[in-house]
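Everything below concerns the one structure shown next.
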Amino acid sequence: MSDTTTPSDTPAPSRHFIRQIIDRDLAEGKNDGRVITRFPPEPNGYLHIGHAKSICLNFGLAEEYGGQCHLRYDDTNPAAEEMEYVEAIERDVRWLGFDWGKHHYFASDYFEPFYRYAEELIQKGKAYVCTLSPEAFKEYRGVPTRPGKESPSRNRPPAESLDLFRRMRAGKFADGQYVLRAKIDMASPNLHMRDPVLYRIKRIHHHRTGEDWCIYPMYDFAHCISDAIEGITHSICTLEFEVHRPLYDWILEQISAPAHPQQIEFARLNLSYTVMSKRRLLQLVQEKHVAGWDDPRMPTICGMRRRGYPPEAIRTFCETIGVTKYDSMTEMELLEHCVRENLNKHALRRMAVLNPLRVVITNFPDTPAIDVKAVNNPEDTDAGTRTMAFTRELFIEREDFAEEPPPKFFRLAPGKSVRLRYAGFLTCERVEHDPATGDIAALHCRWDPPETKVKVKATIHWVSADQAREIEVRLYDRLFTVPDPMEVKDADFKRHLNPRSLSTVIARAEPALLDAAPGESFQFERTGYFCADMKDSRPGAPVFNQTAALKAVRAKKG
RNA sequence: UGCCGGAUGGUGUAAUGGUAGCACAGCAGACUCUGAAUCUGUUUGUCUAGGUUCGAAUCCUAGUCCGGCAACCA
């Protein structure tokens, strides 16, 4: 993919708090000046725009400081993890414009080291095999305001725990029968320090290690060690892991870890009019509220790709929103602004009429057609021009005509004139109604060539009725009707689903649009940005997804 | 009633003891063969109360409010 980002696309990077931490570390000579980050998705769902923020942060920081960013799958719980997701994640990260080079890892690659570190912990008396039932475990843990109780297993001699742990690995016990726990402090005000579970028994097929293991490490145990093994310097995660940091540090202090990375937390992205959790997105897919993970209405990376959002625009957005430590809700308008800003510069202009109204030119010259020259992109002279056939019968947008125009209506009305983009002027002489329905069936108009001096306040787009071809166009509105579908806890977010988030129309398009390559973006003049769908387009028969509408002042002013 | 974190216009952010700035959104205007884009102007802000200081968004104290934490999830 070409990098079309120009300096003006990208705001001057703010020295957000993570950059400041790294600057300070570098100044102090920490980590021998290395900056190694990682993006650690769990392969149990598709990536969304919130992940894009993390990807841009981690890969961006590595790039910026001449370091390295590892792509690592946090695949320590095989319950919902699948290779399908692994492949989708790679495609999405690459499409966003980032490259992990040879640094492509799986936490499951470290199952053996994890196990050895667990044994080390047991031998040091810092971990024990606990035989409490899950119910008892919960009760012993206590609540935030009350300390927990120590498990009877807590003082089990290391040798005995070691034996038990080895038998856990060997499959001698039932799922959930025993767990390995860290021996920390049952009275800690931080629940995560109350002898947290390190390993559990789960006989589940793992997407990479198959049936090799029946015990799997927990996130807290696996993540810090993975970071240490890979020599990560700055382990950047979201705010909810803040309370896990003492445990991250505790584990690395107890074992003979090769390094001790620094965990730094930032606020995850919230975007208005959508939801941002894999669980809820999965629900939308499974319950068929959308057509799949890559439905263009989804906030997933693949959905946005299909929608026609350029990766550069997403990266600009991620830089623009900044990085902080407090929860916020970013307005969808900002993302759309970044998308339009990019597409305005790069998308070729074409004409398509979404809701056609027939126009018959009463004084058309005695010729089948007149060739008119149209500019492909006024923002980019290199994009050249094209020729369009202007004919006696046209289609114009139904909303560009008003039989009884409201005040400040600039477009066509009985007796009024309007400019046709690149093709002279139209003056409405007669309105033809459908005798049965009374609907406007056609307009009979006088035409004046471009060189005529006609005073008009608007220019409208058009297509030749003979030459235009029918194309399927999908128009999108926001997925939800409210800015924060999750605002009311425990309520069903799906009740805010917008029933009109998708509408399909058959539009009339200028012939040049038929050649659109899947994934290619255009501006339909005066209408919006549209992208030829990558899945449903056929050669010569593209299907267009609306990427974003043009800002429509006319809606307000009549 | 516990612990951790946080609070700057409508929204997202910057300013790290020295003129509260930028972007989005809004509004108004200019320009325009896209009512787009572009350009110009503009409304709106430091959670509260004390304190330190010549000077506080920034430091201190107390309070208020918000978020996270009680999976053998990540």
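Remember, it's a predicted structure, so these values are computed and weren't measured experimentally. Order of the sequence lines fixes the chain letters, A, B, ..., with proteins taken first and strands second; residue numbering starts at 1 for each chain.
- At whole-Å resolution of the value, CZ in Arg194(A) and P in C4(B) are 13 Å apart.
- In this model, the phosphate group of C24(B) is approached by a side-chain N or O of His337(A) to a distance below 4.0 Å at OP1 or OP2.
- Separating the CE atom of Met186(A) from the C1' atom of G2(B) is a distance of 15 Å, rounded to the nearest angstrom.
- Checked against a 6.0 Å centroid threshold, the rings of Phe480(A) and Tyr273(A) do not count as neighbours.
- For the P atoms, the distance linking U53(B) with C60(B) amounts to 16 Å, nearest Å.
- Nucleotide A7(B) holds its C1' atom 8 Å from the OH atom of Tyr326(A), rounded to whole Å.
- Comparing Ser328(A) and Ala423(A) by the nucleotide of RNA chain B that holds the closest heavy atom to each, the one mapping nearer the 5' end is Ser328(A).
- A glycosidic torsion no more than 90° from 0 defines the syn conformation, and A71(B) adopts it.
- Nucleic acid contact class of Gln523(A) (heavy atoms, under 4.0 Å, all strands): base.
- Taking atom CG on Asp380(A) and atom P on U38(B), their separation rounds to 16 Å, with Å as the unit.
- Within the nucleic acid shown, Pro246(A) has no heavy atom closer than 4.0 Å to any nucleic acid atom.
- Take the nearest nucleotide of RNA chain B for Glu379(A) and for Met329(A): the residue whose nucleotide is more 5' is Met329(A).
- Side-chain N/O atoms of Arg146(A) and base N/O atoms of G2(B) include no donor-acceptor pair closer than 3.5 Å.
- Separating the C1' atom of G12(B) from that of A25(B) is a span of 11 Å, rounded to the nearest Å.
- A cation-pi arrangement, defined by a distance under 6.0 Å to the six-membered ring centre and an angle within 45 degrees of its axis, is absent between Arg340(A) and Tyr529(A).
- Here U34(B) presents its C1' atom at 12 Å from CG of Asn377(A), a figure rounded to the nearest Å.
- At the phosphate of G35(B), OP1 or OP2 sits under 4.0 Å from a side-chain N or O atom of Arg526(A).
- Distance check on atom P: U19(B) versus C24(B) gives 25 Å, rounded to whole Å.
- In RNA chain B, consecutive stretches of 3 or more Watson-Crick or G-U wobble pairs with both distances under 3.5 Å are given as paired ranges: B:2-7 with B:64-69, B:10-13 with B:21-24, B:26-30 with B:38-42, B:47-51 with B:59-63.
- Remark: aromatic rings of Tyr85(A) and His207(A) are distant, center separation not under 6.0 Å.
- Phe17(A) places its CZ atom 15 Å from the C1' atom of G12(B), with the value rounded to the nearest Å.
- Cation-pi contact between Arg72(A) and Tyr105(A): absent, since separation from the ring centre below 6.0 Å together with deviation from the ring axis within 45° is not met.
- By the 4.0 Å N-to-carboxylate-O rule, Asp185(A) lies too far from Arg194(A) to be salt-bridged with it.
- Enclosure of atom NZ in Lys149(A) by more than 12 non-hydrogen atoms of other residues, nucleotides or ligands within 6.0 angstrom is indicated.
- Stacking of the aromatic ring of Phe410(A) onto the base of G35(B) is found: the ring centres lie under 5.5 Å apart and the planes are inclined by under 30°.
- At the heavy-atom level, Glu331(A) lies under 4.0 Å from base atoms of the strands shown.
- The same atom, P, is picked in U42(B) and in A23(B); the two are 13 Å apart, to the nearest Å.
- When the P atom of A36(B) is taken as reference, atom CG of Leu550(A) falls 8 Å away, rounded to whole Å.
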| said: For nucleotides 64-74 of chain B, give me one character per nucleotide, 5' to 3': B if any protein heavy atom sits under 4.0 Å from the base, S if the only such contacts are to the sugar-phosphate, - if neither. | reply: ---SBSBSBSB
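- Relative to the ring axis of Phe524(A), Arg350(A) does not place its NZ or CZ within 45° and under 6.0 Å from the centre.
- A close approach under 4.0 Å does occur between a side-chain nitrogen or oxygen of Thr324(A) and OP1 or OP2 of U13(B).
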| request: Check step by step if side-chain hydrogen bond (donor to acceptor under 3.5 Å, both in side chains) holds for Thr387(A) and Asp371(A). | output: CA-CA 6 Å; Thr387(A) 302; Asp371(A) 282 347; 5.7 Å; no
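- The same atom, C1', is picked in A70(B) and in G2(B); the two are 11 Å apart, to the nearest Å.
- Base engagement by Arg349(A) is indicated by at least one non-hydrogen atom pair under 4.0 Å involving a base atom.
- The heavy-atom pair separating Ser161(A) from Tyr128(A) by the smallest distance is OG-CA, 3.4 Å.
- For U11(B) and U52(B), the C1' atoms lie 35 Å apart once the distance is rounded to whole Å.
- A gap of 14 Å separates the P atoms of G21(B) and U16(B), to the nearest Å.
- Cys428(A) and Cys445(A) make their closest contact through CA-SG, 3.7 Å (heavy atoms, listed as atom of the first residue, atom of the second, distance).
- In this structure, Asn377(A) contributes its side chain and Lys345(A) its backbone to a donor-acceptor pair below 3.5 Å.
- Counting only residues at least two apart or in different chains, salt bridge (charged side-chain N to carboxylate O under 4.0 Å, His left out) contacts with residues 271-280 of chain A are absent.
- Separating the P atom of C73(B) from that of U13(B) is a span of 33 Å, rounded to the nearest Å.
- The interatomic distance linking Leu334(A) (CG) with C22(B) (C1') rounds to 12 Å, in whole Å.
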